[in-house]
Student: 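Have a look at this one before I ask anything.
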Number of protein chains: 2
Amino acid sequence: MSRASERAYAAIRAHLLSGQVKAGEQLTEDQLTQITGVSRTPVREAVRRLENELLLVRSDTKRLFVADWSRDDIEEMFTLRQMLECHAAERAARRMTPGQLAEMEAVNRELKAAIALPEPDVARFLDANRAFHDAIIAAAASPRLGQMLARLVEAPVVLRTARTYSPEDLRQSARDHDELIAAFAAGDPEWARAVMGSHLRRAFHTFARTVGPATDARDT
Amino acid sequence: MSRASERAYAAIRAHLLSGQVKAGEQLTEDQLTQITGVSRTPVREAVRRLENELLLVRSDTKRLFVADWSRDDIEEMFTLRQMLECHAAERAARRMTPGQLAEMEAVNRELKAAIALPEPDVARFLDANRAFHDAIIAAAASPRLGQMLARLVEAPVVLRTARTYSPEDLRQSARDHDELIAAFAAGDPEWARAVMGSHLRRAFHTFARTVGPATDARDT
DNA sequence: CGAGAGCGTTTTGTATACAATAACCAGCTT
DNA sequence: AAGCTGGTTATTGTATACAAAACGCTCTCG
């Protein structure tokens with residue numbers, strides 16, 4: 001994307017992440033031009049993108065609001081992500097090249113360094129974690145799958161700012177990544193899928209623990 | 001969407017569907033303003049949407065081109081659609097209300113009427129078919145799932161215009177729908193998922209038969 | 001000949017003015 | 001008091017002019 005609209009996107013996103021703005025609150029394009037420092041045209045493009053990522057929503061009369069993710073919305077999102085990312089892991093296990101595998105090992109070393117004592121660096125962990133998952137998606141070589149996952153992964157980022165990860169959560173995550181790498185090295189799609197499934201499902205429960213109980217137990 | 005950009009979207013889409021334009025061909029925003037009769041601003045919004053639906057693609061330098069769907073792309077799309085729509089069928093089976101079920105039965109009667117002899121009306125069939133699948137997605141009550149499926153289903157519409165359906169294809173489709181309705185009436189998620197899976201996979205092979213052989217057999 | 005620099009043309013990106021529509025509020029009617 | 005109605009303001013949508021970037025061409029230099 002071009003410079004101004006990219007800047008607008010990043011600025012609005014940062015603004016949403018910063019927590020200065022409440023879920024359900026209305027935003028106007030004028031406010032956003034002030035926040036971003038660019039004119040309405042690129043702001044509108046950025047807003048379209050954020051709408052697509054479901055960070056912003058529109059009322060029936062085109063007013064713009066900060067999206068409000070319920071616990072059920074989040075669970076739904078995790079379920080979809082699991083479905084798609086397991087598929088991606090399976091595809092990746094079939095297609096991964098030695099170079100890609102080496103790259104993933106490097107990323108995972110970085111991830112482990114980030115959580116090393118004495119002081120785990122959560123932001124650095126999250127960056128490495130994201131790079132790891134992106135590498136899998138890249139190896140899956142499925143543009144539509146990648147696009148969909150990108151949208152799913154974007155949204156919860158908003159919520160994770162206030163989240164606390166225990167050192168054990170971080171270490172378990174690193175172990176999952178080790179096992180995923182082993183599955184890729186073995187070229188075993190079923191293994192990769194299974195590890196990814198438990199990895200994400202556990203992540204959901206870790207996440208959910210801090211949010212509250214489900215309101216509806218019917219669903220998968 | 002607003003009037004002008006909606007009109008632009010529909011006009012560009014129709015233009016792509018009409019076959020007057022080849023895959024891979026470049027389009028400029030100016031051309032599109034002429035085709036649509038609106039200014040560049042709403043054209044650009046429509047283009048963003050079509051990019052998102054992967055009917056248009058951008059070069060690395062922001063030039064706009066008609067997307068070129070390879071056989072592998074189409075297979076990938078069907079695979080994703082199957083994954084998501086099976087999930088939707090499963091959810092729908094858990095949640096369907098009597099009113100929704102009656103609605104689906106009505107839609108399926110319309111579908112059967114459309115393919116009745118002497119002269120099956122394929123356009124009418126396609127409309128009813130779409131309504132049927134939309135009803136399932138609605139019953140699944142998962143906004144993100146619905147949004148993703150909408151994008152997946154959009155694209156192949158482009159290609160199916162020239163497609164020929166045998167009367168037997170149409171009848172088998174109607175039978176699948178009958179069985180889906182039975183699964184929903186029974187409230188059996190596994191049954192619904194299984195029927196949807198075979199329904200879509202058969203649709204893929206019907207589709208693929210007219211397109212040509214796969215270039216890569218590694219994938220699911 | 002071929003590679004690359006310079007320059008006019010084409011195409012996309014941004015700002016801004018104006019138009020259309022939705023929300024708001026006051027005052028009226030019943 | 002509840003609900004409509006007219007006008008006023010706030011907000012979004014569209015057109016257009018200008019800026020920036022990419023393309024294609026020619027000309028030059030090695």
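Numbers restart at 1 for each chain; the letters A, B, ... are given by sequence-line order, proteins then strands. Treat the numbers as computed from the prediction; the structure is a model and nothing was measured.
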Student: Rounded off to whole Å, could you give me the CZ-to-C1' distance for the B/Arg3 and D/dT14 pair?
Tutor: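 Roughly 11 Å, once rounded to whole Å.
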Student: Atom CD of B/Glu45 and atom P of D/dA15: how far apart are they, to the nearest Å?
Tutor: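 Atom-to-atom, B/Glu45 to D/dA15, this comes out as 11 Å.
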Student: Between B/Arg7 (CZ) and D/dG13 (P), how many Å, whole number?
Tutor: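 Rounded to whole Å, this separation is 16 Å.
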Student: In whole angstroms, how far is the P atom of C/dT16 from the CD atom of A/Gln34?
Tutor: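 From A/Gln34 CD to C/dT16 P: 13 Å.
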Student: Show the distances under 3.5 angstrom between N or O atoms of the protein and N or O atoms of nucleotides 8-12 of chain C.
Tutor:
unit_1: C/dT12; atom_1: OP2; unit_2: B/Glu29; atom_2: N; d: 3.0

Student: So, A/Arg49 and A/Glu45, do they make that salt bridge, N to O below 4.0 Å?
Tutor: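 A salt bridge is absent here (no side-chain N lies under 4.0 Å from a carboxylate O).
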Student: Taking the basic N atoms (NZ, or NE/NH1/NH2) and the acidic carboxylate oxygens, is any pair closer than 4.0 Å for A/Arg144 and B/Asp73?
Tutor: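 Salt bridge between A/Arg144 and B/Asp73, a charged N being under 4.0 Å from a carboxylate O: yes.
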Student: Let me know, please, whether A/Gly37 or A/Asp60 comes out on the 5' side of the other along DNA chain C by nearest nucleotide.
Tutor: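 The residue closer to the strand's 5' end, by nearest nucleotide, is A/Gly37.
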Student: Should A/Glu53 and A/Arg151 count as an ion pair when the cut-off is N to O under 4.0 Å?
Tutor: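 Salt bridge: no.
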Student: Pairs counted only when both distances fall under 3.5 Å, Watson-Crick or G-U: show me the 5' to 3' dot-bracket for DNA chain C, [ ] for pseudoknotted crossings and | for other-strand partners.
Tutor: ||||||||||||||||||||||||||||||
Student: Could you walk me through whether A/Thr79 and A/Glu76 satisfy the side chain to side chain donor-acceptor pair (under 3.5 Å) test, starting with their C-alpha distance in whole Å, then the side-chain angles of each, then the deciding distance to 0.1 Å, before giving a yes or no?
Tutor: CA-CA 5 Å; A/Thr79 301; A/Glu76 181 209 343; over 6 Å; no
Student: Report the distance from atom CE of A/Met77 to atom CZ of A/Phe207, rounding to the nearest 0.5 Å.
Tutor: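 Interatomic distance, A/Met77 CE to A/Phe207 CZ, rounded to 0.5 Å: 6.5 Å.
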Student: For a quick test of reading the model: is some side-chain N or O of B/Ser5 closer than 4.0 Å to OP1 or OP2 of D/dT14?
Tutor: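 Result: yes.
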Student: Is any NZ, NE, NH1 or NH2 atom of the basic residue among A/Arg201 and A/Glu75 found under 4.0 Å from an Asp or Glu carboxylate oxygen of the other?
Tutor: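 Answer for the salt bridge query: yes.
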Student: Could you give the distance from CZ (A/Arg81) to CE (A/Met196), rounded to the nearest 0.5 Å?
Tutor: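 A/Arg81 CZ to A/Met196 CE: 8.0 Å, rounded to 0.5 Å.
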Student: Which residues satisfy the side-chain hydrogen bond (donor to acceptor under 3.5 Å, both in side chains) test with A/Arg7, sequence neighbours excluded?
Tutor: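 Result, side-chain hydrogen bond (donor to acceptor under 3.5 Å, both in side chains) vs A/Arg7: none returned.
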Student: Kindly say if B/Ser39 contacts the phosphate of D/dA15, meaning a side-chain N or O under 4.0 Å from OP1 or OP2.
Tutor: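 Yes, such a contact exists.
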